[in-house]
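So the structure is just underneath, and the comments pick up after that.
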There are 2 protein chains.
Amino acid sequence: MGEASQLTPKEDQMAAAADGTVGKALDVLEQVSGFGRPVRFSEVLSQSDLPKPTLYRFMQTLTNQRMLEYDPDRQTYAPGTRLVRLAHSAWSQSSLAQVAGDHLHALSEATGETVHLAKLDHAHVLYLDKRNAAQPVEMYSQAGKIGPAYCTGVGKVMLAFLPEDSAEVVMAQQSFHRYTEATLTSPSALRAEFPGIRENGYGFDREEHEPGIICIAVPILTEGHRLLGALSVTSTTDRTNLAGLEKQADRLKSTARAIATEAQAWSFPDHMTLKQTGP
Amino acid sequence: MGEASQLTPKEDQMAAAADGTVGKALDVLEQVSGFGRPVRFSEVLSQSDLPKPTLYRFMQTLTNQRMLEYDPDRQTYAPGTRLVRLAHSAWSQSSLAQVAGDHLHALSEATGETVHLAKLDHAHVLYLDKRNAAQPVEMYSQAGKIGPAYCTGVGKVMLAFLPEDSAEVVMAQQSFHRYTEATLTSPSALRAEFPGIRENGYGFDREEHEPGIICIAVPILTEGHRLLGALSVTSTTDRTNLAGLEKQADRLKSTARAIATEAQAWSFPDHMTLKQTGP
DNA sequence: GGTCCGAGTTCCAATATTTGAAACTTGGTT
DNA sequence: AACCAAGTTTCAAATATTGGAACTCGGACC
């Protein structure tokens, strides 16, 4: 059992709770990945509650399967590149990410600010895409990155539009680190914001995660009110303020609606022959 | 078995084939991902040789583990976003990708062309990074994307610098589709290029994959001559020719050497704060 | 040179898990 | 109402996983 690991919120007792051998193997993968750097077998062993031969076999299997990669020079394991390939496939099949691309671009052009597309993963916010007004697309520099749910615009908005019991479960898993003065550090503080967010249809990040950084976020909902993700426009207190961001609310909402509609209608046009291209 | 297998000896035909339950589960994941679009359970079933309940349980497990995602509206499965998260971790831990970033940028600035970083994954070329010049080439490739090994600059160069038996194994797995007039469509045609590539230390793509697209590529090798990946500069026949690209050979080689050195020296200066950014 | 030590690896019988034929449920169609 | 296909559950038999213990290997330290 690990002690305080670096960024993981409360380790979810039931979620990671292995279903079967596959679950345990994936736990090992997650653990290696969680180190954030290549690790020796013994390092993983000391953090794992699996017996030595069992862990050893899992790591062998995962390495065989290229989910882990072994560096023979350093004798370390790191998450394997098969993951990168699979993730590319996952990302390009995500109707949300695919459909949203153009909308994000348009939004960042129109506002001149950075735009994020995110969804809820486990108990974290997972960023699916990001557009800077000036810069072109960056792939995994930002896509795939995770952030806290309780102190980001997208996170709070998604919580507010989640079924109440689900939201409670997610909130129970937050670590509530106080990043700034403004960070909300309890479920009740969060809960208090929800009615307002639900009524307006948007929410703010009031420098709750980083000083000087503010944002406005809206949920992306299906017609059946199922939560698909969220959208945000970020700026700094140097350039604008909450009232300024609020002016973008309608544009954000209609973009989110458009994305939701297209994502649902998206019947996978086969024009993306996932055949290989490039030199 | 149990021989020291450095790079997939011969088991590779059945490569994905079973290592135990975990292997089978990952096969299922790969299969779903291979569809390239969300799929129904029965579609997977008809393409799998697993019995119905077995496949069913695997897909349940994978869904529980968020390696797959189930769309209740459409009743389809697609690769899950947990993969995107894990891949982000894999990518950011890949010393190659991390270390190469600045070099790629410099190279694309200096040459004004598109630069690719790739490694060998299974029998494919897997692109780890790409930098566009100001005027990007008409082409689509990004991190996580795979391409053929036998008709790309990076692929051929990597094959040439692989131990002979490994190269043969990889070549035996190529499909040798004739993309263009110039495509090499047999192991022997490939083999004939290797001595030249090894002697020069670089290789070309002579419009073998896409008409009008040419490139020069060099391998990235450790001091112990272990193959880490490859690097390429791509252009079009409109803008230059092979002789023109060849002028970049020395710059490419020294960049590759620098990347290799840094990648090996990279002892993980704990830049691992993993601090989450973005609202 | 020998001995000790810890990391990594293999063995193998006890045990818990996976397995899949068959039966059942669900939702849509004739 | 009867039918069919897709998806889900059951349960004993078959099999894979498990982990204590013993072994190998290479380096550190007398």
Side-chain angles (χ1 to χ4, degrees), chain A residues 1-2 14 16-32 35 37-65 67-78 80 224 267, chain B residues 1-9 11 14-32 35 37-65 67-78 80 224 267-268:
Chain A
M1 40 194 307
M14 46 162 275
D19 32 359
T21 312
V22 175
K24 289 181 217 164
L26 291 176
D27 280 353
V28 172
L29 179 60
E30 194 76 49
Q31 211 165 143
V32 172
F35 272 89
R37 61 180 173 81
V39 277
R40 277 205 150 68
F41 169 71
S42 52
E43 297 184 82
V44 182
L45 180 60
S46 67
Q47 253 215 19
S48 166
D49 39 23
L50 294 171
K52 189 161 37 159
T54 303
L55 180 66
Y56 178 70
R57 255 180 287 105
F58 274 133
M59 292 183 68
Q60 287 237 118
T61 302
L62 289 169
T63 304
N64 273 342
Q65 297 289 332
M67 300 299 277
L68 286 180
E69 237 157 65
Y70 182 70
D71 180 335
D73 293 349
R74 295 154 184 263
Q75 304 189 164
T76 54
Y77 294 85
S267 51
Chain B
M1 309 133 287
E3 308 172 333
S5 62
Q6 5 197 341
L7 226 261
T8 28
E11 304 268 341
M14 328 198 52
D19 311 67
T21 312
V22 175
K24 289 180 215 162
L26 291 175
D27 280 354
V28 172
L29 178 60
E30 194 77 47
Q31 213 165 140
V32 172
F35 271 89
R37 61 180 172 80
V39 278
R40 281 199 136 73
F41 168 72
S42 53
E43 296 184 83
V44 183
L45 179 61
S46 68
Q47 214 206 252
S48 166
D49 39 21
L50 294 171
K52 194 169 22 166
T54 303
L55 180 65
Y56 177 71
R57 257 179 286 104
F58 274 134
M59 292 184 68
Q60 287 238 118
T61 303
L62 289 169
T63 304
N64 272 341
Q65 297 290 332
M67 300 299 277
L68 286 179
E69 237 157 65
Y70 182 69
D71 180 335
D73 293 350
R74 295 156 185 263
Q75 304 191 160
T76 55
Y77 294 85
S267 50
F268 251 87

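Note that these values count all heavy atoms, side chains included, but never hydrogens, waters or copies made by symmetry.
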In terms of side-chain heavy atoms of A:Y77, which of D:dG20, C:dT9, C:dG20 is nearest? C:dT9
At 4.0 Å (heavy atoms only), tell me whether A:P53 reaches a base, stays on the sugar-phosphate, or touches nothing. base
Return no unless some side-chain N or O of B:S42 is found under 4.0 Å from OP1 or OP2 of D:dA5. no
Between C:dT19 and B:K24, is there an OP1 or OP2 to side-chain N/O distance shorter than 4.0 Å? yes
Closest nucleotide among D:dA16, C:dT17, D:dT8 to the B:T21 side chain: D:dA16
Distance, rounded to the nearest Å, where B:L45 contributes CG and D:dA5 contributes P: 14 Å
Any donor and acceptor pair, going by atom type alone, linking the side chain of A:T54 with main-chain N or O of A:L50 inside 3.5 Å? no
Short question: side chain of A:T63, backbone of A:M59 - any donor-acceptor pair under 3.5 Å? yes
Taking 4.0 Å as the cut-off, does a side-chain nitrogen or oxygen of A:Y56 come that near to OP1 or OP2 on C:dG8? no
Decide yes or no, distance alone: a donor-acceptor N/O pair under 3.5 angstrom between the base of D:dG7 and the side-chain of B:K52. yes
The answer to which of B:P51 and A:Q60 contacts DNA chain C further toward the 5' end, by nearest nucleotide, is A:Q60
Between C:dG27 (P) and B:R74 (CZ): distance, integer Å: 20 Å
Can you tell me whether the side chain of A:R57 and the base of D:dG19 have a donor-acceptor pair closer than 3.5 Å? yes
In whole angstrom, what separates A:Q75's CD from C:dA7's C1'? 9 Å
Nearest-angstrom distance from the residue atom CD of B:E43 to P of D:dA6: 10 Å
Base, sugar-phosphate, or nothing: which does B:T54 touch, judged by heavy atoms less than 4.0 Å apart? base
B:F41 CZ to D:dA5 P, in whole Å, measures 16 Å
Heavy-atom closest contact (A:V32 atom, A:Y77 atom, distance): CG1-O, 4.0 Å
Does B:S48 reach the main-chain N or O of B:V44 with its side chain, forming a donor-acceptor pair under 3.5 Å? no
Could you give the CG-to-P distance, from B:L55 to C:dA21, as a whole number of Å? 14 Å
Under the 3.5 angstrom rule, does the side chain of B:E43 hit a backbone N or O of B:R40 as a donor-acceptor pair? yes
Round to the nearest Å and state the distance from B:L50 atom CG to C:dG20 atom P. 7 Å
Please give, in whole Å, the distance from C:dT26 C1' to B:R40 CZ? 14 Å
